[in-house]
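Okay, structure first, notes after.
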2 protein chains.
Amino acid sequence: MRATVKDVARLAGVSPKTVSNVMNGIVPVSGPTRFKVEQAMAELDYVPNLSARGLRNGRSGVIALALPDLATAYSAEITHSVVEVAHEQGWSVQLEETGSDPAREYELMSRARSNLIDGLILNPVVLDESAVKVGVSLPPVVLLGEVSQKLADRVWVDSVAAARDMTLALGRTGRRRIAVLGAAGRRGSAAAVLRTRGYQAGLEELGIAWYDSLIIPCEKWSPDAAARALSAYLDSNPVPEALFCFTDSMALGALSVLWKRGIKVPDDVAVAGFDDIAHAKYAVPALTTVSFDKRQVASEALRLLTERMGNREGPQRVVAVDYEIVERESTGP
Amino acid sequence: MRATVKDVARLAGVSPKTVSNVMNGIVPVSGPTRFKVEQAMAELDYVPNLSARGLRNGRSGVIALALPDLATAYSAEITHSVVEVAHEQGWSVQLEETGSDPAREYELMSRARSNLIDGLILNPVVLDESAVKVGVSLPPVVLLGEVSQKLADRVWVDSVAAARDMTLALGRTGRRRIAVLGAAGRRGSAAAVLRTRGYQAGLEELGIAWYDSLIIPCEKWSPDAAARALSAYLDSNPVPEALFCFTDSMALGALSVLWKRGIKVPDDVAVAGFDDIAHAKYAVPALTTVSFDKRQVASEALRLLTERMGNREGPQRVVAVDYEIVERESTGP
DNA sequence: TTGAAAGCGTTACCAA
DNA sequence: TTGGTAACGCTTTCAA
C-alpha cells in the first residue's frame, strides 16, 4: 500500500496540513518541522497522488496536444518543442491524434472538459466555427496553424506571406512556369487555401499569369501521396521550371520522383518546400524551404494557453511567428 | 459551474448510484430510468470528472510513453502507432522526453507512481538495472528497444540478427570494405553495442576481417551528427565500398554528404540504414534498410503493459518483433 | 433495480 | 506557525 499524507503526518508527528505546506512551499514552515516532514516522506517513499490533487485543486497540470497526423516529421518537431517547453513550465502533455477528422476535433474539445486536462493545443484541419455549439463551455484552447476560429487564440506562420515570398524567390531565379504541389482544388484545407493564395499573390507581383495546368492537387500531404500525384502529373504534362511543394514532406517525395525520371534539380526544375524539417537540409539536393522556429511556436502557444486559463473572457489573440526563406541547392546556386 | 452526478441524479429524480450505473453499464438499469438519466445528462451537458474517477478507482486510464528524442522521424512513427493503438483500447497517452538522460529515466519510473499514470512504455538509452533501487515499487513498465533490464517486460527488434543480416546483404553485393556509422566506440548505447555485434557476426560469416578504420563513431544518431562524422571521416580515409548506418536518419545525412562530394551511391559506395522511416523510400537514391512494423511494436507493448497491470508478479517477458531487410536503390540494382 | 452513506488523498478554511 | 475538519466528484459496499 502506498503512503499518503496522513501516514507521513503521523510518522513526522504533525498534521496533514503541515505536510501539504511543506510540499507546496507557499505557507511558511519552521525549519525543524520541515526537516521532520521531509525525513518522513523519504522514509515512507512518499509520492503524492496526482488524481487527488487534481480533484481537490480543479487543475491536473496536464495539457493536451492534438495534431492531425503524428507520424510526420513535422509533427515530431512540433511535439518535441511543445513537450520541452511544457516540461520546463511544469506541465505534462497528453497527445492526441485527430486524423483530420472533424468529429475527433470536437470530441477533444469536450473531452478536455473531463478535468483531466487543463487546456488544449489543437492543430485543426477542418474545424468549422459554425459547428461549435454556442453555449457549450469550452476548455482553454489554442489553435495551431491556418484554421481561424473566433472562439480560440491562435499561433501560426503567415502562410499567405510566406508562400508569396517563396514564389517571389523562385521567380527571382528567372523561372516563370512555377507549379505548386498540394494546392487547394475545389475545396482544400485552410493551409492549402492560404498557401495557394500566397502563390497567386506572388505570381501577380512577378507579372506571371495563373495557369490551372500548373496547379497539382494532392490529397494527403505525405511523401507517398506527393510522389504519386507528381508522377501522374508528369505523365501528361511537361516539366515545370519550378515546383513549390506545400510541405517539405511532399518535396522529399517530389525530389525522389524527379531523380528517378532523370529530371535534374535545380537545372531542369527548381524545388522548394515548407516547414524546414530536420531532413530538408540533407535532402539531395538540399531543399530550399520556408523556415521558422518550432520552439517559438510552442512557447507562444503555451503562453497564450496559460494566460487564457487565467482569463477566460479576454479578447481573442493571434500570434504570427516569424519565418524565413532559406535558399539551398534545390533552387539553384 | 459544471454539473456533477448529483445534479444529474436530482434532475432525473434518481440517486447518484443509478447515474453511475447508467454510465458504466455494468449493473443493469431499467429502460425508463436509463432514459431519464441520459436525458438529464444531455440537458446539463454533463461530463464526468476524470480526476475524481481516477481517485476513486485507483486507475486514471492514462499511460505514459517516454522516448529519448521526440524530434526524430522514428519517434514520430512509434508515437503515432502507440497513440493509435492505445486510443483503440481506451487509453490516453502522456508523452515524455528523456533526452537519453538517466536521471530523467528513473524520475519517470517514480513519477509514474504519482497515480496519474497507470503504466509506462519507456525507450531507455542508458537505464542500468543496478541503479534501480530494489524495494522501491515500480509501476508497470514495458521497455522499448535494446536495453535489457530484469525488472521489466520488453519489446524489441533483434538488433544483432538484423545487423548481421544487413551486413550479409551488403556482402552479397560483392562489397568487402563495409563501414558502419554510429558504431559503439569505447562505450555506447545498447543499440550501438548490439548492432555493432551483429555487424561483426556478419563479417565473420562473410570471412571478412574486422578493421577499426571502418568503424565510424557518431555521438548523436541524427542526420546532422552523421553528416559531420562522415565528413570528418572522409577527409582522412578512403571511401569504403559499403556504409551501414545504424539509423535511417543517419543514412539520410550520409547520403547528403556523399552526394555533395560527388561520391556516387550505389556505384562508389552502397548505403544502408535501419528503421525504414517513411522518408527512406524517397531518399535519393531510395534507401536499403531494416524494416519492421511499428504498429506491431506498439500493440505488443500495450499488450504486455496491460497484462502486467493485471499481474504484477509474473515472469519477465521479452517480445521480438519481426524485421525484414528491404533492398532499394542505395545498395545497387 | 434503486438508495443512503462512506471513503479515495489532497488542500483550504478557520481556529488556536 | 500549526491543527482539525470539510469538501472536491466519483464509485461501491450494504440495505431496502
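Hydrogens, waters and symmetry mates play no part in the numbers below; they use all other heavy atoms, side chains included. Given the structure is predicted, the values throughout are model-derived calculations rather than measurements. A note on names: the letters A, B, ... follow the listed sequences, proteins ahead of strands, and every chain is numbered from 1.
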Select from B:P16 and B:A52 the residue whose nearest nucleotide in DNA chain C is closer to the 5' end of that strand.
-> B:P16
In whole Å, what is the span from the [atom1] atom of [X] to the [atom2] atom of [N]?
{"X": "B:R10", "N": "D:dG9", "atom1": "CZ", "atom2": "P", "value": "12 Å"}
{"X": "B:N57", "N": "C:dG7", "atom1": "CG", "atom2": "P", "value": "17 Å"}
{"X": "B:R53", "N": "C:dT10", "atom1": "CZ", "atom2": "C1'", "value": "20 Å"}
{"X": "B:K17", "N": "D:dC14", "atom1": "NZ", "atom2": "C1'", "value": "11 Å"}
{"X": "B:K36", "N": "C:dT2", "atom1": "NZ", "atom2": "C1'", "value": "10 Å"}
{"X": "A:N49", "N": "D:dG9", "atom1": "CG", "atom2": "P", "value": "17 Å"}
{"X": "A:N21", "N": "C:dG9", "atom1": "CG", "atom2": "P", "value": "20 Å"}
{"X": "A:K6", "N": "C:dT10", "atom1": "NZ", "atom2": "C1'", "value": "10 Å"}

N or O in side chain of [X] less than 4.0 angstrom from [N] OP1/OP2:
{"X": "A:T18", "N": "D:dT2", "result": "no"}
{"X": "A:T4", "N": "C:dC8", "result": "no"}
{"X": "A:S15", "N": "D:dG3", "result": "yes"}
{"X": "B:T33", "N": "C:dT1", "result": "no"}

Hey, what do you get for CG (A:L143) to CD (A:Q149), rounding to the nearest 0.5 Å?
-> 6.0 Å
Hey, could you give me the OG1/CG distance between B:T4 and B:N49, rounded to the nearest 0.5 Å?
-> 9.5 Å
Check ion pair A:E88-A:R295 (N to O, under 4.0 angstrom) = yes
Identify the residue among B:L65, B:L70, B:L67 that makes a side-chain contact (heavy atoms from CB on, under 4.5 Å) with B:E97.
-> B:L70
What does A:S51 touch in the nucleic acid at a heavy-atom separation under 4.0 angstrom: a base, only the sugar-phosphate, or nothing?
-> nothing
Ignoring hydrogens and angles, tell me if any N or O in the side chain of B:R303 forms a donor-acceptor pair with the backbone of B:T306 under 3.5 Å.
-> no
Among D:dT11, C:dA4, C:dC8, the nucleotide that comes nearest once only the side chain of B:L55 is considered = C:dC8
Donor-acceptor pair under 3.5 Å: do we get one between B:R56's side chain and the base of D:dT11?
-> yes
